[in-house]
Amino acid sequence: LLREKISLRSSISQIEESVDELSSEKDSLTKQKEEMAQALEELRKRKEESEARIVEFKGLLDKFKAFIDTGKLKIKIIDGRMVIVLSSDVLFSSGSKVLSANGKKAIFEVTGILSKIENRKFQIEGHTDSDRLRVIGQTNWDLAADRAINVLNTMIKAGMPENKISAASFGDSRPIVPNDSNANKAQNRRIEIVVVPDLSLLPGYEELKKLADNTNKSDTRK
């Protein structure tokens, strides 16, 4: 009886260990299942966002087809952003920051389309070639800024809400081709209207927001 009792205790101990192992495996499998479900959900969101961006880009191409066909503008993806590219030579006289009559007309036409796009903001970016200005005290940064701001003001006059638009200057710091010929310099003289990405749609946005909020709170307590 004593031997049987000892044997039973040993069996019970082994069974308890097996139960603990199975329980641990179950917890591990449950965690893996949750992680896989989360990964699949993120993939689903990425797929939906990717498809939405493609649809939006195609829609933009369709809206501006007439302008693209006549060579007034181009639509590109630059640094992951949708960008409407207009040649400065179409909008401004050489070295001038004042929109030409044809330039104003083009901006009004473009604004008529962009202002109807909901839930999107736009940034007007001015770019120049590498040639230095002849005006003393003026740089390509100044010229690009003045041109971007004048385009912005014209877009506001054409009906673009002020809270949907901003302006920036890049001077000659972001050429799209080398400034080694007149044809290339003409390409680098441009106004880009950027469709500003909505960061709230990106995966991980909520985590980034929490991190930023926590950082700001810790700075406040110092």
Side-chain angles (χ1 to χ4, degrees), residues 42 44-92 97 99 102-128 141 143-177 186-209 212:
E42 288 182 359
R44 185 188 65 78
K45 286 182 179 179
R46 286 177 183 270
K47 184 171 181 285
E48 288 179 354
E49 290 157 7
S50 176
E51 290 173 348
R53 283 195 294 271
I54 292 171
V55 169
E56 186 177 12
F57 187 67
K58 287 181 177 178
L60 207 58
L61 289 174
D62 290 340
K63 287 182 174 70
F64 286 104
K65 187 178 186 305
F67 296 89
I68 296 169
D69 291 344
T70 56
K72 288 184 178 180
L73 57 79
K74 298 177 182 178
I75 296 181
K76 299 182 177 181
I77 297 293
I78 302 175
D79 296 333
R81 306 175 303 170
M82 283 184 282
V83 181
I84 300 160
V85 184
L86 300 100
S87 170
S88 288
D89 292 354
V90 174
L91 305 177
F92 303 94
K97 63 183 180 182
L99 277 166
N102 287 334
K104 285 183 180 179
K105 182 181 177 182
I107 295 301
F108 264 74
E109 290 173 342
V110 168
T111 305
I113 295 173
L114 292 181
S115 61
K116 295 175 183 176
I117 298 177
E118 297 180 355
N119 303 320
R120 282 299 186 199
K121 294 185 178 181
F122 308 95
Q123 178 163 285
I124 315 306
E125 299 180 352
H127 300 264
T128 69
W141 288 95
L143 178 60
D146 289 339
R147 285 179 169 179
I149 291 171
N150 281 340
V151 170
L152 178 145
N153 287 329
T154 302
M155 291 181 74
I156 291 173
K157 290 178 182 176
M160 177 67 74
E162 293 184 12
N163 63 349
K164 290 182 62 174
I165 198 168
S166 61
S169 169
F170 289 93
D172 57 12
S173 66
R174 291 190 180 182
I176 52 178
V177 290
Q187 290 188 60
N188 290 330
R189 296 190 297 267
R190 66 198 189 278
I191 289 290
E192 293 183 350
I193 303 177
V194 178
V195 182
V196 179
D198 185 352
L199 296 181
S200 66
L201 299 177
L202 298 179
Y205 170 78
E206 290 301 327
E207 288 77 6
L208 290 174
K209 188 174 183 300

### Query
Are the side chains of I84 and F67 in touch, meaning some heavy atoms are under 4.5 Å apart?
no
### Message
So I124 and I165, do their side chains get closer than 4.5 Å, heavy atoms only?
### Response
yes
### Task
Kindly say whether N188 contributes a backbone atom to a donor-acceptor pair with the side chain of R190 at under 3.5 angstrom?
yes
### Query
Do the side chains of F92 and I191 get nearer than 4.5 Å, heavy atoms only?
yes
### Task
Would you mind reporting whether K63 and K116 have side-chain heavy atoms less than 4.5 Å apart?
no
### Minimum side-chain heavy-atom gap R189-D89 below 4.5 Å
yes
### Message
What I'd like to find out is whether the side chain of V195 reaches to under 4.5 Å of the side chain of F57, using heavy atoms alone.
### Response
no
### Query
Take atom NZ in K121; do more than 12 heavy atoms of anything else shown fall under 6.0 Å from it?
no
### Query
Looking at side-chain heavy atoms only, is the closest gap between L73 and I68 below 4.5 Å?
yes
### Query
Does F122 reach the side chain of V194, with side-chain heavy atoms less than 4.5 Å apart?
no
### Task
Please assess R81 against E125 for the test salt bridge (Lys or Arg N to Asp or Glu O under 4.0 Å), listing each intermediate value before the final yes or no.
CA-CA 13 Å; R81 306 175 303 170; E125 299 180 352; 3.3 Å; yes
### Task
Please check if atom CD in E162 has more than 12 non-hydrogen atoms from other residues, nucleotides or ligands closer than 6.0 Å.
no
#### Entry: NZ (K97) with more than 12 external heavy atoms under 6.0 Å
no
### Query
Does S169 use its side chain to pair, donor to acceptor, with the backbone of W141 at less than 3.5 Å?
yes
